[in-house]
Amino acid sequence: MIAVVYLFMIRPQMKRQKDEKKFAEELKRGDRVITKSGLHGKILDLNDTTVILESGAGKLKFERSALSLELTKKLNEPAKVEKKK
């Protein structure tokens with residue numbers, strides 16, 4: 001029972017945390033990101049704990065933890081071309 005809980009609950013959560021930490025460390029100026037609240041922007045400046053984003057509303061300051069790994073991955077993926085039958 002303990003092995004099942006570890007394999008299906010604890011291990012995936014640890015992997016997700018590791019991926020989010022790696023994502024936060026690899027951020028650099030010019031990256032296009034999406035916040036967890038849905039705001040799209042471009043990174044202008046990075047600090048240890050904060051990020052300054054440029055968006056349509058101007059320059060905004062966010063915590064690094066407010067950036068979404070999953071949504072940013074989708075934003076930076078190349079567009080998929082559909083084949084016509």
Side-chain angles (χ1 to χ4, degrees):
M1 183 71 167
I2 294 172
V4 171
V5 170
Y6 176 77
L7 288 173
F8 289 106
M9 296 182 74
I10 297 171
R11 190 163 182 254
Q13 179 64 27
M14 289 171 49
K15 184 179 185 298
R16 192 174 311 119
Q17 287 175 344
K18 182 180 174 184
D19 290 345
E20 286 184 14
K21 184 178 178 182
K22 182 179 176 186
F23 166 73
E25 290 173 353
E26 292 178 350
L27 290 174
K28 61 187 180 299
R29 282 184 168 184
D31 284 350
R32 298 181 52 80
V33 295
I34 303 175
T35 64
K36 291 181 181 179
S37 62
L39 180 89
H40 293 239
K42 181 178 169 183
I43 296 177
L44 292 180
D45 193 24
L46 293 165
N47 201 345
D48 289 337
T49 59
T50 60
V51 176
I52 297 179
L53 296 180
E54 179 181 31
S55 70
K59 295 178 184 178
L60 302 167
K61 189 175 191 178
F62 284 92
E63 294 292 320
R64 278 186 183 227
S65 62
L67 301 179
S68 172
L69 170 64
E70 289 83 18
L71 293 176
T72 299
K73 278 185 186 177
K74 291 178 185 177
L75 175 70
N76 293 326
E77 283 180 353
K80 294 181 182 177
V81 178
E82 293 184 25
K83 295 180 181 179
K84 291 186 177 181
K85 292 182 180 180

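All values derive from a computational prediction rather than experimental measurement.
Legend: residues meeting salt bridge (Lys or Arg N to Asp or Glu O under 4.0 Å) with K15, ordered by chain and number and at least two apart, are D19.
Sorted by first and then second residue, the side-chain hydrogen bond (donor to acceptor under 3.5 Å, both in side chains) pairs with a member in residues 21-39 read K28-D31, R29-D45, T35-S37; sequence neighbours excluded. The side-chain hydrogen bond (donor to acceptor under 3.5 Å, both in side chains) contacts involving residues 47-65 comprise nothing, where partners must be two or more places apart or lie in separate chains.
Hydrophobic clustering, defined by side-chain heavy atoms of Ile, Leu, Val, Met, Phe, Trp and Tyr closer than 4.5 Å, groups V33 together with F23, L27, L39, I43, L46, V51, L53, L60, F62, L67, L69. Through side-chain heavy atoms spaced under 4.5 Å, either directly or across other Ile, Leu, Val, Met, Phe, Trp or Tyr residues, V4 is tied to V5, Y6, L7, F8, M9, I10, M14.
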